[in-house]
Every structure is written in C-alpha cells, then in structure tokens.
Amino acid sequence: MKNVGIVSYGAYIPKIRIKTEDIAKAWGKDPETISKGLGIIEKSVPTLDQDVATISVEAARAALKRCRINPQDIGAIYVGSESHPYAVKPTGTIVAEAIGATPIIKVADYEFACKAGTAAIQTCMALVKSKMIKYGIAIGSDTSQAAPGDALEYAASAGGAAFIIGGDNIIAKINETCSFTTDTPDFWRREGRKYPAHGGRFTGGPAYFRHIISNAKNLMEKTGTKPEDYNYAIFHQPNGKFPLRVAKMLGFIPEQVKQGLLCPYVGNTYSGATMIGLSSVLDVAKPGERILLASYGSGAGSDAFDITVTDLISELPRNNAPLISDFLNNKEYIDYAVYAKYRDLLYYD
Amino acid sequence: MVNGAVPRFWREIPQRYNLIGNQCGVCKKIFFPPRESCPECRRKSIGKMKDIKLSGKGKLVTYSIIHAAPKNFEGQIPYPIGIIELDEGPRLTAQIVDCKIDDIKIGMKLESTFRKIQQDGYIGAIYYGYKFKPLEDKK
C-alpha cells in the first residue's frame, strides 16, 4: 500500500494568557484547589481580532514555511473545529485563499468536538492513498466557548495546528489509524446556542476513558505494538490530569506523555489539543522514533494513530516557523475583566 | 441585511490576505495596493504591470496610538496604527498587534499577520486581512 504521512506541520497559539487563579478569584473559588485539581496553570485567550480562521491561516502558513510545496499542489483542506466563525460558510475557504491554494481544491469544515482535526487527517490520508490528491492540509483549531462561571471556563482556550499530508517526502509515516465511535452525550452545544453544556463527571469514565482506552488498545492490537514500543504518547487533554491517568491505565509512563502535554500551560485547545501535542513532539523528534496519538471528541469518538518519524525530519527546517516552546515563552497576561471583554461575555448594543 | 461592503471587500481579497501588489515592467517600481499603470512611466507601463506577492516584512516608519476609536474598534483601545515600509519599498498603513504600547519604536522590524479586521455586527460578513506584529527572530 502507498506510504502516507506528514510532510510538514505548523501551529499557532495566541499570545494572551489568563491564569487559572484569576478565573477562580472572579468566581469566589479557591485558586489553588482549582488549579491543582485540573492541572492547569494558565490558558491561552484569543484577542478580539483572532478566531478559528486566523489561527488556522497562521498554522497553515507555518506548515508551508517549513517545506517547499507549491500551494497550488494542495488538493484539499479540511478544518476541524467547534468554534468556526461562521455557522454557514466554511473556514477552509478563507484558509485556502490565504495560502494561495484556490481555486482547484476540495474544501469542507469538520465538527466532532475535540477530535475534528484528527478526523481531517484521516480524510486527507484516504485522498492521498487513493491518489485523488497530491497533498492535503488537515487543521484542528478552536477558540472554544465556555459559559461564564462554568467549570469549562478554566480550560477552554485557543490554538490550532495544521498538517500537510502526502505520499512523498514524509517526515513522519502514519503506519495505521483507527477510530472508536458511539452515541455518548457527555458534552454538546445545541444549534444556535452560544455556550456548550456537559454531563459533569459523566464526561470521564464512559466518555473520555472508555473511548481512548478502547481505541488505543485496538490500534496496538492492529499494529502488534506495546506501550513500551513508543517514544511518545499524545492523548486528548481536556485538563492536565486525564491524559496522565489514561496513559497510566494503558501502561504508558509520564515521560512518554510529557512532550505532548501542553494543557497545563495553554489550556484545552479542543480540536487543536492533540494536534498541538503532536507538533510539540515533532519539534524535537528524531528519526526512527515512534508516536502513538489518541484524540477524543465528545459525543463521542476517538481517532488513534501509529506514527514513525522518518530520516527526513533531520532535513526539515523546523526553525522556519515558531516551535511550540516559542509560543509557550512568548506570552502576555490579562485579568478576568479584560478576558470578559475579549471573550464577548459582556453584552452591549 | 449586510451593508454594501461585501463586493468591495471580495475584490480586495488578494491584497488584504496575501499582500499582492504589482510591479512596473518598465522602471521596476513596486506598488501596493496594485495600480492600473505606473505614475512615472504612464502609457509605457500599460499592459506591463505584473502582480507580485510582497514578503510582508518591513520596518515601522511612524505610528500613532488610537485612544478614540471608530465604531467596532472601541474594544481594542489603546492600539497603535503605523505606517510600515515593506522590504520591497511600498508603504502601507496597518494596525500593530502583539506589541505593548511601550515597546513600539520607530524603525522596529515588523511582519504581517492574518487577523480579523472588522465585522458587520453579529449577522454580517467578517472581514479578514493583514495587521503587523514584531518580527520574530526566525528565518
């Protein structure tokens, strides 16, 4: 079967941060209990002029800066998000235009809570394997909503990553992918509503843990691998604790998870979460290293990937675009009042 | 109902998204926004103006801090508007972002970034385009 994998990658995380303790103080909660309980120190916040379209464009441009692909050779763009700026008018059209990939291109937006971006990777893989396209760009990006005062407000943040998927010059080969999907209403946002709702603790056991564990086990059974075969493991990160707990339940150790775990420093970037985690791993990965990635999207499903880094990663000019560590270091804090303004929590006509 | 800006915005997408200017085929001067003909070479340049994608890198020539903003920009005050001279020569006006007011210096190196410029309320279209931010020390 034709090889398929990642040709290049790029990410974007807004510069603004708010500390968990500042959100907790605004709502009269104990800052330390909340911060330690969730394992989140601070989260990224989009400014008034940033949304999923701008983040997706920056991530896609970063991916293109690291390779020599002619944008006109990109045959498809799929943007996964649950906070697309338009309910009707695809974000992908804006991205395609902004990177010079129009007009002969397949475009659609995806939505599957936090796993829409990994679903986009699978679609691009299939199109490349079937030779319908030469390259495809899969993007996971969000400026996720959270109702004021809701537990989600401590985590819901902004960021995204883009992966150019192709069959030649791949820096990381995708050996296998599989998915695990059921009808599990753990988290949702109804049509026309501004904020999502969730089932509290129900989002854990039957939702996040069941889907990721079942899917990661299915993947390792298909590929004949064990947790110790992987250098890195990336799991969806709605908070700083779940990914470490699911890793332990599957037999991974914290050292395998650390490089791809960004939630404590940027919050939950939803569709961007595992994709930014993978970007962080690719920032430092060496040839031959193996990566397991398992995303999770409420509703509910998980996409898992078995990835092997190739020799070509040494030739990829990773410094042509910001590394994840650059985004973590380049930050500016705001307080809850400014946060309320930036997140449109204050209504005025 | 949206206002009449949509067709105009749509026509200007190449400039707003990708800084597409043009170059006179006679004297090689570069223009942004693109011009129908070169004001120096006039009729000699007709049919010889060629589109060119500008790098988006440049330096700050001058700036002003906006404290009394027009409608839809009130949430961002105080914010800087600058005149930027691109590496290729043309000068343009743009908002400067991701930079504290006290850190802005004439002559500082900037690069373009893709941002939301404005929107027609909660119902109308969203207009995207370039703003400028301090140049990150990456290639």
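Chain letters run A, B, ... following the sequence lines, proteins first, then strands; residues in each count from 1.
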Task: For A/Arg17 against A/Lys331, the heavy-atom pair lying closest together - done: CG-CB, 3.7 Å

- [ ] Select one option (side chain, backbone, both, neither) describing which atoms of A/Glu97 are under 4.5 Å from chain B's heavy atoms.
- [x] both

TODO: Pick whichever of A/Ile94, A/Thr54, A/Ile99, A/Asp49 has the most heavy-atom pairs under 4.5 Å with chain B.
DONE: A/Asp49

TODO: Examine whether an atom of B/Phe114 lies under 4.5 Å from a heavy atom of chain A, and if so say whether it belongs to the side chain, the backbone or both; otherwise answer neither.
DONE: both

Open item on the list: Under a 3.5 Å threshold, yes or no: a donor from one side chain and an acceptor from the other, between B/Gln95 and B/Gln76?
Closed with: yes

- [ ] Classify the ring geometry between A/Tyr336 and A/Tyr339 as parallel (under 30°), tilted (30 to 60°) or perpendicular (over 60°).
- [x] tilted

Open item on the list: Can you tell me which of A/Ala53, A/Pro14, A/Gly100 forms the most heavy-atom pairs within a distance under 4.5 Å of chain B?
Closed with: A/Ala53

Open item on the list: Looking at B/Lys109, I'd like to know if its NZ atom is crowded, meaning that more than 12 non-hydrogen atoms belonging to other residues, nucleotides or ligands lie closer than 6.0 Å.
Closed with: no

TODO: Identify the residues of residues 134-150 of chain A whose heavy atoms come closer than 4.5 Å to a heavy atom of chain B, ordered by number, or report 'none'.
DONE: none

Open item on the list: Run A/Arg343 and A/Glu153 through salt bridge (Lys or Arg N to Asp or Glu O under 4.0 Å) and show every step you take.
Closed with: CA-CA 11 Å; A/Arg343 295 307 284 140; A/Glu153 199 176 29; over 6 Å; no

Open item on the list: Can a donor-acceptor pair be found, under 3.5 Å and without considering hydrogens, that links the side chain of B/Asn18 to the backbone of B/Lys53?
Closed with: no

TODO: Please flag which part of B/Lys131 lies under 4.5 Å from any non-hydrogen atom of chain A: side chain, backbone, both or neither.
DONE: side chain

Open item on the list: For B/Phe73 and B/Tyr79, take the angle between the two ring planes, folded into 0 to 90°, and tell me which bin it lands in: parallel under 30, tilted 30 to 60, perpendicular over 60.
Closed with: tilted

- [ ] Report the distance from atom CG of A/Leu282 to atom CD of A/Gln259, rounding to the nearest 0.5 Å.
- [x] 10.0 Å

TODO: Just give me the residue among B/Ile13, B/Ile20, B/Thr113 that pairs up with chain A most often, heavy atom to heavy atom, under 4.5 Å.
DONE: B/Thr113

- [ ] Go through the atoms of A/Ile55 and report whether side chain, backbone, both or neither lie under 4.5 Å from a heavy atom of chain B.
- [x] neither

Task: Any side-chain donor near an acceptor of the partner, A/Asn329 and A/Tyr265, under 3.5 Å - done: no

